[in-house]
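Beneath this line is the structure, given in structure tokens, with notes to follow.
The sequence lines fix the lettering, A, B, ..., with proteins before strands; numbering per chain opens at 1.
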Amino acid sequence: MSTSELQAANRRTLRRLAFLVVGMFGFVFALVPLYDVFCDITGLNGKTSGKPAVAAEVQPVLSRTVMVEFVASVNESMPWDFKPSVTRMEVHPGQMYRTSFYARNRTEETMVGQAIPSVTPGQAARHFKKTECFCFTEQQFGAREGRDMPLLFMVDPDLPEDIEVLTLAYTFFDKQKNLN
Amino acid sequence: MSTATTHDAHHEEHPGGLLRWVFTTNHKDIGTLYLLFSLLMFMVGGAMAMIIRAELFQPGLQFVEPQFFNSMTTMHALIMIFGAVMPGFVGLANWLVPMMIGAPDMALPRMNNWSFWILPFAFAMLLSTLFMEGGAPASGWTMYPPLVLQTGDAFPFLIFSVHLMGISSIMGAINIVVTIVNMRAPGMNLMKMPLFVWTWLITAYLLIAVMPVLAGSVTMLLTDRFFETSFFNAAGGGDPVMFQHIFWFFGHPEVYIMILPAFGIVSQIIPTFARKPLFGYSSMVYATASIAFLSFIVWAHHMFTVGMPLTGELFFMYATMLIAVPTGVKVFNWVSTMWKGSMTFETPMLFAIGFVVLFTIGGFSGLMLAITPVDFQYHDTYFVVAHFHYVLVTGAVFSIMAAAYYWMPKWTGNMYDERLGKLHFWLSTIFVNVLFFPQHFLGLAGMPRRIPDYAVQFTEFNQISSIGGFAFGLTQLLFVYIVYKTIKGGEKATDQVWEGAHGLEWTLSSPPPYHSFTTAPEVK
């Protein structure tokens, strides 16, 4: 191979490899929406729907009982109290239930929080339907204000048979701190 | 070959003194720089390990603050992975690939210079974080959010130094691929390449494929912290678990980036001292390629405990165990090469045999960790620490030591002190086991990693481990002395150096001319 041929060959290989590098860098960012789609389809990461479910007429399955546990926490050192009014409920799939969470702003300033739900095990997330939830919108709390916030939910009868207990966890995020 | 011919025109006209090293585009000079840098970082990272072992000598807090302790584990890992092991292998590739394939130099010499000289800046930046407000990064080298986002002023320095290390590795890898693909001597087809060249070719492809993934994921951390994106922030609809998926999609191939060149080195050394050709050459090539392929589909075995459906855990468990097949092929091939060979046990061979035995122990503990149900028990314990130190210290580091002893006479023209070399091997091998073997027991008993304090029942094994650690650390000073002594002088080496050595690099003089093969050799 002559000198110029080798140089051309080197350039060609370099270009191809550089293309691969750029492609892989782009691929990482493509993974972000792909991950969301994948989790949406499979319900793997325990994210529930951010929109109210339409209250469909479903026949309650009275023969089956599922334990629903409620967990509430605040992110980092957010100065709020946050707890469920009941920590667990026995529910029948297909039946609508009502419960509430209590939150209180301990500071002297008005604060805005956003509650983010997560369901464990992840596969149950798709089958946990909320028709009314304080997590659908931001919650503004005045100085030292505390209030009960309602949650209306139903466990879908399609919930896989092997799931007997599911946990609904809410984390309150300080809106100013986490998202401007 | 213009780059090479330009060099011929300026033959030996390189500037003297320090500037020679700054401006050099010669593959041997750059290889030397890489290797010395790697040795320096090995000592810096090793000093941090000494602090860790000193703190863990007794339960309770003795010497350092917990935050600083966590900085030490984080920095130790980053420095050893990106500063010691990877540059060590790239240095070997720079020195050896052109000589092994019959080329005058690397294909892209200027880029070669750049890819090395980025590194000192990257590590100066990383080490400077030790003196910053909020301390050095302490979230573990895996940089999981949201914890890593709580790093103080050091955070952007951490991200940018990882970027620089990535750029350096990518440029080094591209150079190696271009050299191997285009600059082999006439007659050297792919299946005649020495195994070290083969393993590096595959490693370089892995680097090109996954270093941009690491760069992308740390860029997302950066924008999450400073530009209000929510890639990993649940408040904005992100998911912190996604970071773990992306990170380990990089991280698992990265693990093989640190071991495949070691396989290549051992495959060069064992045939030399067994005086037999390598058993199953082509199966070695295919095994290396299979390991590289499998490395892309096993990442979630690092995160079995995040909550995955059963099918996912089973898939990653079986895929991971499948890696034992090609790896087993390699180990059996090395043993078969030694079978009925006329073996002698010079220092490189000792390190190579030590590698085969001890790396296999690390492989077995890896298989144990691959079993999903028991991984729930082992996860984040000292069992994991013992596992990856067996594959990285007695695996990657031992192979680099073996390579240094094996090729140092070629590089310097001087034989190293065989008596001291053997002493270095035996002290290292004994103490590395004293250091890491008890950590298996600690892990099985439930001692968590990355914690400066522990329950009193773990004291004895920790003390044994620490004593092994101090002794292993001190032994490496002997290695530094041996290298220094060999560079300074010693018995002159012949061109072939070792009686059983075969390959193009042994046809050159010791030390080799500044430009390896100005006329390409003929390979039959």
Side-chain angles (χ1 to χ4, degrees), chain A residues 1-32 34-36 38-39 42-47 50 75-76 78 113-123 138 160 162 171-175 177-180, chain B residues 1-6 103 107-108 111 146 150 166-167 170-171 173-175 177-183 186 204-205 207-220 228-242 245-246 249-250 306-312 520:
Chain A
M1 212 190 294
S2 78
T3 303
S4 58
E5 274 172 359
L6 177 66
Q7 198 171 28
N10 284 350
R11 288 231 175 97
R12 200 162 51 240
T13 319
L14 174 65
R15 252 198 313 278
R16 281 182 195 154
L17 295 172
F19 187 73
L20 186 62
V21 170
V22 175
M24 286 308 290
F25 190 74
F27 175 67
V28 196
F29 290 89
L31 279 177
V32 177
L34 280 176
Y35 180 84
D36 280 344
F38 187 78
C39 289
T42 56
L44 282 189
N45 61 352
K47 275 190 200 169
N75 194 42
E76 291 177 37
M78 193 184 182
Q114 169 77 56
I116 304 288
S118 173
V119 170
T120 310
Q123 297 98 298
E138 293 171 5
D162 57 320
T171 307
F172 246 116
F173 287 83
D174 184 344
K175 205 65 185 172
K177 201 166 162 189
N178 282 284
L179 274 179
N180 292 321
Chain B
M1 210 182 286
S2 83
T3 45
T5 38
T6 343
L108 309 159
M111 194 165 86
Q150 296 174 18
I167 291 169
I170 289 169
M171 292 200 300
I174 287 179
N175 211 343
V177 174
V178 176
T179 307
I180 297 174
V181 170
N182 293 333
M183 294 180 65
Y205 270 109
L207 276 166
I208 293 167
V210 301
M211 291 313 284
V213 175
L214 175 68
S217 62
V218 298
T219 306
M220 291 181 201
E228 278 111 38
T229 57
S230 292
F231 289 108
F232 311 123
N233 181 2
D239 187 346
V241 175
M242 184 174 72
H245 281 289
I246 296 176
F249 182 76
F250 144 79
V306 294
M308 253 186 283
L310 187 63
T311 41

[X] versus [Y], closest heavy-atom pair with distance:
X      : Y      : answer
B:A204 : B:V177 : CB-CG2, 3.4 Å
A:M78  : A:G113 : CE-CA, 4.2 Å
B:F231 : B:M242 : O-CE, 3.5 Å
A:L31  : B:I246 : CD1-CG1, 4.2 Å
B:P212 : A:V28  : O-CG2, 3.8 Å

Which atoms of [X] are under 4.5 Å from chain A, going by heavy atoms: the side chain, the backbone, both sets, or neither?
X      : result
B:F250 : neither
B:T219 : side chain
B:I174 : both
B:I208 : both

Within a strict 4.5 Å, meaning less than it, do heavy atoms of the B:M183 and A:N10 side chains meet? yes
Greatest number of heavy atom pairs closer than 4.5 Å to chain A - which of [options]:
options                : value
B:V181, B:T179, B:D239 : B:D239
B:M111, B:M211, B:M220 : B:M220
B:V213, B:V241, B:N175 : B:V213

Most heavy-atom pairs under 4.5 Å with chain B, out of A:F27, A:F172, A:F25, belong to A:F25
Rounded to the nearest 0.5 Å, how far does CD of A:Q114 lie from CG of A:N75? 12.0 Å
Relative to chain B, which segment of A:L14 carries a heavy atom at a distance below 4.5 Å: side chain, backbone, both, or neither? both
